[in-house]
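Here's the structure we're looking at; comments come further down.
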There are 2 protein chains.
Amino acid sequence: MKDYINLLKKHNLKITPQRLAILKYLDTHYTHPTVDEIYNTLKKTNPSLSKTTVYNSLEILNTHHIIQPLHITGHERRYDLRKDIHHHFLCRSCGNIQDLDINCPNIKKIQEQGYNIEEVHGYFKGICLDCQKREETHK
Amino acid sequence: MKDYINLLKKHNLKITPQRLAILKYLDTHYTHPTVDEIYNTLKKTNPSLSKTTVYNSLEILNTHHIIQPLHITGHERRYDLRKDIHHHFLCRSCGNIQDLDINCPNIKKIQEQGYNIEEVHGYFKGICLDCQKREETHK
DNA sequence: ATTCAATATTGTAATCATTACATTTTATCA
DNA sequence: TGATAAAATGTAATGATTACAATATTGAAT
């Protein structure tokens, strides 16, 4: 992406170093990070950063549909910069969340039933490819 | 369902009035209730009920795959007795969560890629049919 | 460049759902 | 009916998130 400044301008959001750093972090890390992950990483290069700012920034970016929160693990919110519809895979073993590029043919059906759909969320839980390999190796 | 006693027996779980009440509640209310909803309702007819018991019971029923927790709203867990794969619709207006009987053709694809899938979760967010009608009426 | 008002950041305190834990009670079985 | 393992209960602790007041910064007008 890169042009975080124009992205914020386009949404009439003020340009602040904190917001730019958070956007960049989400754009360059595909881990669907938690608030703590973002906070702890950015704190190193931006020591004055407050965790509240991370919460506030993520909230306003979400309000403007620049990012989306994920409620997958059930005990902590995670964030995703991608806004096109896609799905996720949560590995029970390593805890990582991967993107899955599949499209959902059910959306149309549901819309045809009259539902007004604004968001689509889908995820699978199981053992990812890497962890399966690792388990094979350790046998 | 009805035969909650045998369901618990089948899983070698002790039969307690609390567990039976919770099972019955989930079986007869399709609201995907929160812990508080369950607790507050059952408290009326079972005044000694403790919220911890509700948590514990839901936890053990989940462990035995009799129920499943839903992480849809993002700020509170909800529970669902149905164990066959289905999806949900969260209404932004009334907050209700409805069941959607659709099947996901992507499961096979993901499995063919080698993923070991243990759970499938999908939900849509938008405005439900009832709330759309209501909004029409109030115009 | 300077000023100013609106907005963002910060730190602390409060909240809410959930979990930990010790004690009492109950279910099950010999 | 008693013994024992497990469950229920109540309170305290935890952890993520939110509320709020004070300070700092952004962006626009001058």
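All values reported here derive from a predicted model rather than from experimental measurement. Chain letters run A, B, ... following the sequence lines, proteins first and then strands; every chain starts at 1.
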B:Tyr123 ring center near A:His121 ring center (under 6.0 Å):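 Yes, ring centres under 6.0 Å apart.
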
Strictly under 6.0 Å, is that where the ring centroids of A:Tyr115 and B:Phe89 end up?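 Aromatic pair counts; centres sit under 6.0 Å.
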
Looking only at side-chain N and O atoms, does A:Asp27 offer a donor or acceptor that is under 3.5 Å from a partner on A:Tyr4?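 The criterion, which ignores hydrogens and geometry beyond distance, is satisfied for A:Asp27 and A:Tyr4.
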
Is any side-chain N or O of A:Gln18 closer than 4.0 Å to OP1 or OP2 of C:dT10? yes

C:dT18 phosphate, OP1 or OP2: any side-chain N/O from B:Tyr55 under 4.0 angstrom? yes

For [X] and [N], give me the distance from atom [atom1] to atom [atom2], rounded to whole Å.
X: A:His71; N: C:dA17; atom1: NE2; atom2: C1'; answer: 14 Å
X: B:Glu76; N: C:dT15; atom1: CD; atom2: P; answer: 19 Å
X: B:Asn40; N: C:dC16; atom1: CG; atom2: P; answer: 14 Å
X: B:Arg19; N: C:dT26; atom1: CZ; atom2: C1'; answer: 11 Å
X: A:Asn46; N: D:dT25; atom1: CG; atom2: C1'; answer: 13 Å
X: B:Ile15; N: C:dC29; atom1: CD1; atom2: P; answer: 10 Å
X: B:Glu59; N: C:dA17; atom1: CD; atom2: P; answer: 18 Å
X: A:Ile60; N: C:dT9; atom1: CD1; atom2: P; answer: 8 Å

Within a strict 4.5 Å, meaning less than it, do heavy atoms of the B:Asp101 and B:His87 side chains meet?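 A side-chain contact under 4.5 Å is absent here.
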
Mind checking whether A:Leu61 and A:Arg19 have side chains closer than 4.5 Å, heavy atoms only? no

DNA chain C: A:Lys43 or B:Asn56, which has the more 5' nearest nucleotide? A:Lys43

Go nucleotide by nucleotide along DNA chain C from the 5' end; which of A:Pro47 and A:Leu13 gets its closest nucleotide reached first? A:Leu13

Report which part of the nucleic acid [X] touches: base, sugar-phosphate, or nothing (heavy-atom distance under 4.0 Å, all strands).
X: B:Thr52; answer: base
X: B:Thr34; answer: nothing
X: B:Pro17; answer: sugar-phosphate
X: B:Thr53; answer: base

I want to confirm an ordering. Mapping B:Thr16 and A:Arg77 to their closest nucleotides on DNA chain D, which one lands closer to the 5' end?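 Result: B:Thr16.
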
Regarding the side chain of A:Lys14, the nearest nucleotide among D:dT18, D:dT26, C:dT19 is D:dT26

